[in-house]
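Single-structure report; data block below.
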There are 2 protein chains.
Amino acid sequence: MSSDRKSPTMSDVARKAGVSAMTVSRALKADSVISPETRSAILTAAEELGYIFHATASNLRSQKTDFVAVTIPSINNANFADTVAGLSEILSGRNMQTLLGYTNYDMDVEEQLIEQLLRRNPQAIVVTGGRHTPRARRLLENARIPVVETWDVPDQPIGHYVGFSNADAVRAMVDHFVSVGYKRIAFIGGDQGRDTRGSDRRRGFVAAMKAHGHDDIRLIAAGAPPISMREGADAMARLLQEYPDTKVVICVSDLSAFGALTECQRRGIVVPDQIAIGGFGNYEISGVCVPSLTTIDAHSREIGRRTGSLILDLLNGASGSMQVNIEPGLIIRQSSL
Amino acid sequence: MSSDRKSPTMSDVARKAGVSAMTVSRALKADSVISPETRSAILTAAEELGYIFHATASNLRSQKTDFVAVTIPSINNANFADTVAGLSEILSGRNMQTLLGYTNYDMDVEEQLIEQLLRRNPQAIVVTGGRHTPRARRLLENARIPVVETWDVPDQPIGHYVGFSNADAVRAMVDHFVSVGYKRIAFIGGDQGRDTRGSDRRRGFVAAMKAHGHDDIRLIAAGAPPISMREGADAMARLLQEYPDTKVVICVSDLSAFGALTECQRRGIVVPDQIAIGGFGNYEISGVCVPSLTTIDAHSREIGRRTGSLILDLLNGASGSMQVNIEPGLIIRQSSL
DNA sequence: ATGAAAGCGCTAACAA
DNA sequence: TTGTTAGCGCTTTCAT
């Protein structure tokens with residue numbers, strides 16, 4: 001609380017240290033030319049006054065900020081958290097921050113969020129997914145900063161992208177199950193258009209099944225994203241009722257896959273002996289639960305790191321449209337052995 | 001990408017609409033007095049130019065921002081995510097944003113983060129926990145904005161707090177186990193001072209055991225926070241080796257509790273018949289897994305909501321030191337029945 | 001190595 | 001209802 005007067009500015013520090021405001025500005029930058037004595041006197045004065053650097057004024061005058069804006073669907077998702085961590089890891093090496101916003105898997109929220117973020121003048125913007133509202137797309141196209149789409153391979157990239165095909169990833173899992181002799185394969189989730197990654201995965205499932213000549217497509221809806229463990233369990237219950245002879249179920253994420261597993265446990269259905277389960281995302285739980293879950297690793301952290309390097313390159317003057325494809329990995333575990 | 005010229009400013013919009021910059025400024029504020037025709041002409045001009053409002057300049061001139069800064073230990077934790085969601089829910093009603101940063105459970109990182117956030121002039125700052133480095137404490141004390149500490153009952157509150165006693169919450173769980181006749185109770189986690197909430201929980205465990213005359217205190221370390229499911233499983237393995245006759249284990253969080261449960265499953269140890277398990281946090285998994293886990297609900301979302309209302313009150317001129325205690329709830333589930 | 005003047009894009013304050 | 005002037009706190013630019 002202390003005093004109720006205004007916060008001290010550089011001029012206040014300058015007065016106290018007996019120098020000009022410009023010299024204070026220089027003293028606070030690591031790389032500028034200034035005598036060691038002057039600098040230490042200024043730093044002491046600043047500390048004594050409780051001076052806090054005013055980033056807003058600095059940003060306005062220098063016409064640049066020190067952060068990159070990022071939109072992710074959910075703040076509470078280990079996959080997206082890993083991507084952000086990878087991105088921050090790279091950017092922090094250049095003293096850049098990450099300004100985070102979440103869309104709650106809603107494209108309209110994403111549109112508003114993108115506008116909010118652009119108003120703060122980020123040096124670059126990273127969005128999750130390759131589909132957006134028309135206005136969001138326009139905002140991104142008109143932004144005079146690098147735009148990177150992630151976690152997808154956009155049909156028409158706005159600028160750059162670092163991602164993978166959700167459809168192809170699931171297709172690879174279906175191919176695996178078919179190749180080891182499984183039949184009567186079902187898919188849980190991805191029914192709402194809102195989460196394009198989820199519906200892409202479902203689309204990949206359907207395409208793969210048809211490619212293998214399986215016309216018996218078993219789809220179970222699981223509601224709006226994010227699909228919870230509980231919704232996965234409920235969907236499993238419906239699957240067992242509608243298609244009791246199903247031998248494999250692929251779930252839109254590891255969380256719903258775990259929920260499905262628990263439903264089997266409650267009913268005394270043995271996994272994988274009676275039914276095999278596959279998930280998506282390689283969340284920690286899929287490697288720890290009993291039995292452990294077969295899944296797809298999207299290399300979330302690597303997506304973030306590659307995005308970070310890409311942005312640094314672009315800010316350093318690199319040009320051209322960068323398209324980075326990350327190959328997801330199939331991890332076979334106990335739930336399908 | 002479009003043109004490489006500068007971004008349009010209010011003056012550009014004003015010229016195009018044939019009005020002054022000030023009128024444009026008014027047109028973009030929802031509540032200002034301006035004729036409908038002028039406003040719509042201005043909005044059209046702005047849209048055609050692809051004008052983006054420059055929040056930095058606005059913030060500098062008006063000496064205020066539209067956001068509240070928040071520090072949480074981890075971006076990928078459902079409890080803290082719920083608190084942030086509750087806070088955002090309240091603040092968004094007043095068109096305020098949340099500027100989020102995470103400390104990775106490290107007080108030194110927290111100190112740097114607090115300084116970074118204060119440089120951007122938030123209208124208030126919310127921190128997780130009631131203990132900080134001396135410098136972080138000083139920064140918060142000198143900040144001329146409301147400071148709210150959460151998820152704890154600070155010994156010496158800096159400004160306001162919305163929280164609960166982690167020690168008391170675990171004490172209540174121990175009391176419950178003792179009251180239903182359990183003996184030989186152990187605790188996993190909370191050994192590193194870094195995560196003060198974890199060590200407070202452990203402290204509460206020790207205090208409760210002593211209060212009940214149990215001198216046989218069984219503590220198993222689980223490493224640095226955040227304690228993962230895997231670390232919970234490893235700690236359980238060590239517990240079974242060191243104290244094989246343990247009848248109850250309380251874990252520092254539901255995630256480590258679930259890990260401990262899986263270790264029992266891998267070894268054919270039946271929960272709760274051979275050993276009961278308790279967690280902390282009421283994460284979704286604790287209600288879904290088989291058997292479901294007894295836990296403590298800290299009312300994470302409510303903490304966020306109460307914090308939000310508190311901040312709005314303070315920004316509206318309320319004074320005094322607000323101390324809000326949230327009572328955690330004990331949830332008994334299959335793992336201890 | 002340091003200082004003086006100007007101005008980044010908005011909006012408070014006042015005027016019309 | 002709309003316009004004019006000044007200035008928020010910094011840093012660019014140029015000078016010494």
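In the text below, chain A, chain B and the rest are named by the order of the sequence lines, each starting its count at 1.
- Of the side-chain N and O atoms in B/Ser58, one or more sit less than 4.0 angstrom from OP1 or OP2 of C/dT11.
- Comparing C/dT11, C/dT2, C/dG7 by their closest approach to the side chain of A/Arg61 singles out C/dG7.
- Distances shorter than 4.0 Å separate some side-chain N or O of B/Ser25 from OP1 or OP2 on C/dT11.
- In this entry the distance linking CE of B/Met10 with C1' of C/dA12 reads 13 Å, nearest Å.
- Using a 4.0 Å heavy-atom cutoff across all strands shown, B/Lys64 reaches no nucleic acid atom at all.
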*Go through the steps for A/Glu115 and A/Arg135 under the test side chain to side chain contact (heavy atoms under 4.5 Å, CB included), then give the verdict.*
CA-CA 10 Å; A/Glu115 183 164 19; A/Arg135 187 171 133 75; 2.4 Å; yes
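- Within the 4.0 angstrom heavy-atom criterion, only backbone atoms of the sugar-phosphate kind lie near B/Thr23; the bases stay farther away.
- Mapping B/Met22 and B/His54 onto DNA chain C by nearest heavy atom places B/His54 closer to the 5' end of the strand.
- Atom CG of B/Leu60 sits about 10.0 Å away from atom CG of A/Asn59, to the nearest 0.5 Å.
- B/Leu49 contributes atom CG, which lies 5.0 Å from atom NZ of B/Lys16 (distance to the nearest 0.5 angstrom).
- When every heavy atom of B/Glu110 is checked against every heavy atom of B/Val127, the shortest pair comes out as OE2-CB, 4.2 Å.
- As judged by a 4.0 angstrom heavy-atom cut-off over every strand, A/Ile34 is placed among residues touching the sugar-phosphate backbone only.
- For B/Arg15 and C/dG9, the CZ to C1' distance is 13 Å, given to the nearest whole Å.
- For the pair B/Lys29 NZ and D/dT1 P, the computed distance is 18 Å after rounding to whole Å.
- Put simply, CG on B/Asp31 is 12 Å from P on C/dT11, counting in whole angstrom units.
- The side chain of A/Thr56 places no N or O atom within less than 4.0 Å of a non-bridging phosphate oxygen (OP1 or OP2) of D/dG9.
- In this model, the phosphate group of D/dC8 is not approached by any side-chain N or O of A/Lys6 to a distance below 4.0 Å at OP1 or OP2.
- Comparing atom distances between the B/Thr9 side chain and each of C/dG9, D/dT1, D/dT4 picks out C/dG9 as nearest.
- Contact between the side-chain N/O atoms of A/Tyr51 and the OP1/OP2 oxygens of D/dG9 is not found at any separation under 4.0 Å.
- Remark: B/Gln63 is in phosphate contact with D/dG9, judged by side-chain N or O atoms under 4.0 Å from OP1 or OP2.
- Rounded to whole Å, the distance from CG on A/Asn121 to C1' on C/dC10 is 12 Å.
- Of the candidates D/dT11, D/dG3, C/dG3, the closest approach to any side-chain atom of B/Ser20 belongs to D/dG3.
- Atoms CZ (B/Arg26) and C1' (C/dC10) sit 13 Å apart, rounded to a whole Å.
- For the pair A/Arg138 and A/Glu141, the salt-bridge criterion is not met [side-chain N within less than 4.0 Å of a carboxylate O].
- A donor-acceptor pair shorter than 3.5 Å cannot be found between the side chains of B/Thr71 and B/Thr103.
- Distance CG (B/Asp12) to P (C/dG9): 9 Å, rounded to an integer number of Å.
- Within 4.0 Å of A/Thr38, counting heavy atoms only, lie sugar-phosphate atoms of the nucleic acid but no base atom.
- A straight line from CZ of B/Arg119 to P of D/dC10 spans 10 Å, rounded to a whole angstrom.
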